[in-house]
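Everything numeric here is computed off the predicted structure, so don't read it as measured data.
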Amino acid sequence: MRTAPRPTPSTSPGTRTPPGARGAGRRAHLLHRRRARAGGHDALRPRARARGSSTISYDPNARPTLMGAPEDVRARIEENIALSDVVKASDEDVAWLYGTEDVEDVAASWRDLGPSLTVLTRGGDGAVAFSASGRVQVAPVRVEVVDTVGAGDTFSAGILDALADKGLLGADRREMLAAIPSDDLATVLRRAAALSAITVSRAGANPPWSHELT
């Protein structure tokens, strides 16, 4: 997540807000990067406490070379999913974690663990989300891809940015988030896809600022 610079005479704070920064005190986003270690359950406690005030967003962010065998981390990842309100994963992450091509079935089943919203990014096939209102799919934003670094993180930030716009962040909005209508969910996915498309259209992990979408 990028931090907005302090205002200067040439920098307007109203036009340099990074997507996802709004509502920052009402959400927490987690990335799973390391293999589970002994005593690792202690790491879940702060996340459980954060649920009392925040919307918890989680990206398993599978890294096979760091995590080891998928069966060694699957249970820990599912524990994190159970503590989350929003879960975003790529189809490649899910395929590696579960050894299946039925990645949508896996993402949909994660809702049984507790999240209100699960989202699966599918590269050139767009993105699909699952909620109480059902399955929602959006097409990808077509751009010339320069660098994919940061694409997933930007997509997650875009989800949170769009949910903030709709007043759906924070523990006190959990029931509203769970009841998000399909049309609103599609808007959230399109916002995330648009932001991610800008990121991959240029070199480096260089996510867009809000003014770049206006």
Side-chain angles (χ1 to χ4, degrees), residues 1-8 10-34 50 54-63 66 80 84-94 107 115 117-129 136-170 177 180 184-214:
M1 191 70 63
R2 302 178 71 183
T3 302
R6 294 181 179 179
T8 66
S10 61
T11 302
S12 168
T15 59
R16 295 289 288 172
T17 303
R22 286 172 293 171
R26 300 178 65 81
R27 55 98 180 110
H29 179 65
L30 312 173
L31 289 173
H32 196 125
R33 291 192 184 277
R34 285 187 258 178
S54 303
T55 296
I56 306 298
S57 170
Y58 175 58
D59 180 354
N61 203 35
R63 293 293 183 267
L66 296 177
N80 278 292
S84 302
D85 299 295
V86 178
V87 177
K88 191 281 299 180
S90 72
D91 51 2
E92 293 178 346
D93 288 350
V94 175
L117 176 62
T118 59
V119 179
L120 188 69
T121 56
R122 308 213 64 174
D125 292 325
V128 59
V136 174
Q137 184 171 9
V138 298
V141 177
R142 301 294 181 183
V143 295
E144 182 177 347
V145 176
V146 174
D147 190 342
T148 61
V149 174
D153 292 342
T154 303
F155 199 99
S156 293
I159 291 173
L160 295 173
D161 182 62
L163 292 177
D165 270 350
K166 296 183 179 300
L168 295 177
L169 294 186
L177 175 62
I180 185 172
D184 285 351
L185 183 51
T187 300
V188 168
L189 293 182
R190 283 192 288 267
R191 171 77 171 180
L195 291 170
S196 186
I198 294 174
T199 297
V200 302
S201 70
R202 54 200 186 193
N206 185 17
W209 299 94
S210 295
H211 74 274
E212 293 182 78
L213 288 181
T214 60

Trainee: Salt bridge (Lys or Arg N to Asp or Glu O under 4.0 Å) between R202 and D147: does it pass, once the steps are laid out?
Mentor: CA-CA 6 Å; R202 54 200 186 193; D147 190 342; over 6 Å; no
Trainee: Side-chain contact test, heavy atoms from C-beta onward, threshold under 4.5 Å: evaluate it for D59 versus D93 and give yes or no.
Mentor: yes
Trainee: Can you find a heavy atom in the side chain of I180 that is under 4.5 Å from one in the side chain of L168?
Mentor: yes
Trainee: Keeping the roles fixed (side chain from S54, backbone from G170), state whether a donor-acceptor pair exists under 3.5 Å.
Mentor: no
Trainee: Ignoring hydrogens, what is the shortest heavy-atom contact between P140 and G124? Give both atom names and the distance.
Mentor: CG-O, 3.1 Å
Trainee: Heavy-atom distance under 4.5 Å between the side chains of V86 and T118, does that happen here?
Mentor: no
Trainee: Taking the side chain as C-beta and beyond, is there a heavy-atom pair between T187 and D165 under 4.5 Å?
Mentor: no
Trainee: Considering residues, nucleotides and ligands other than E92, do more than 12 of their heavy atoms fall under 6.0 Å from its CD?
Mentor: no
Trainee: Taking side chain as C-beta onward, heavy atoms only, is T199 less than 4.5 Å from P207?
Mentor: yes
Trainee: Which atoms form the tightest heavy-atom contact between A151 and V200, and what is the distance?
Mentor: CB-CG1, 3.5 Å
Trainee: Taking it one step at a time, do T121 and D91 satisfy side-chain contact (heavy atoms from CB on, under 4.5 Å)?
Mentor: CA-CA 6 Å; T121 56; D91 51 2; 5.6 Å; no
Trainee: Rounded to the nearest 0.5 Å, how far does NZ of K88 lie from CG of L120?
Mentor: 9.0 Å
Trainee: Could you check whether any side-chain heavy atom of V128 comes within less than 4.5 Å of a side-chain heavy atom of V136, counting everything from C-beta outward?
Mentor: no
Trainee: Identify which one of V188, L195, L189 satisfies the side-chain contact (heavy atoms from CB on, under 4.5 Å) criterion when paired with R191.
Mentor: L195
Trainee: How many angstroms lie between CG in D161 and OG in S156, if you round to the nearest 0.5 Å?
Mentor: 12.5 Å
Trainee: Within the 4.5 Å heavy-atom criterion, are L185 and L117 side-chain neighbours or not?
Mentor: yes
Trainee: Which distance, rounded to the nearest 0.5 Å, do you find between the CD1 of I56 and the CG of D85?
Mentor: 6.5 Å
Trainee: Has S196 got a side-chain atom pairing as donor or acceptor with A192's backbone, closer than 3.5 angstrom?
Mentor: no
Trainee: Are V119 and V87 close enough that some pair of their side-chain heavy atoms sits under 4.5 Å apart?
Mentor: no
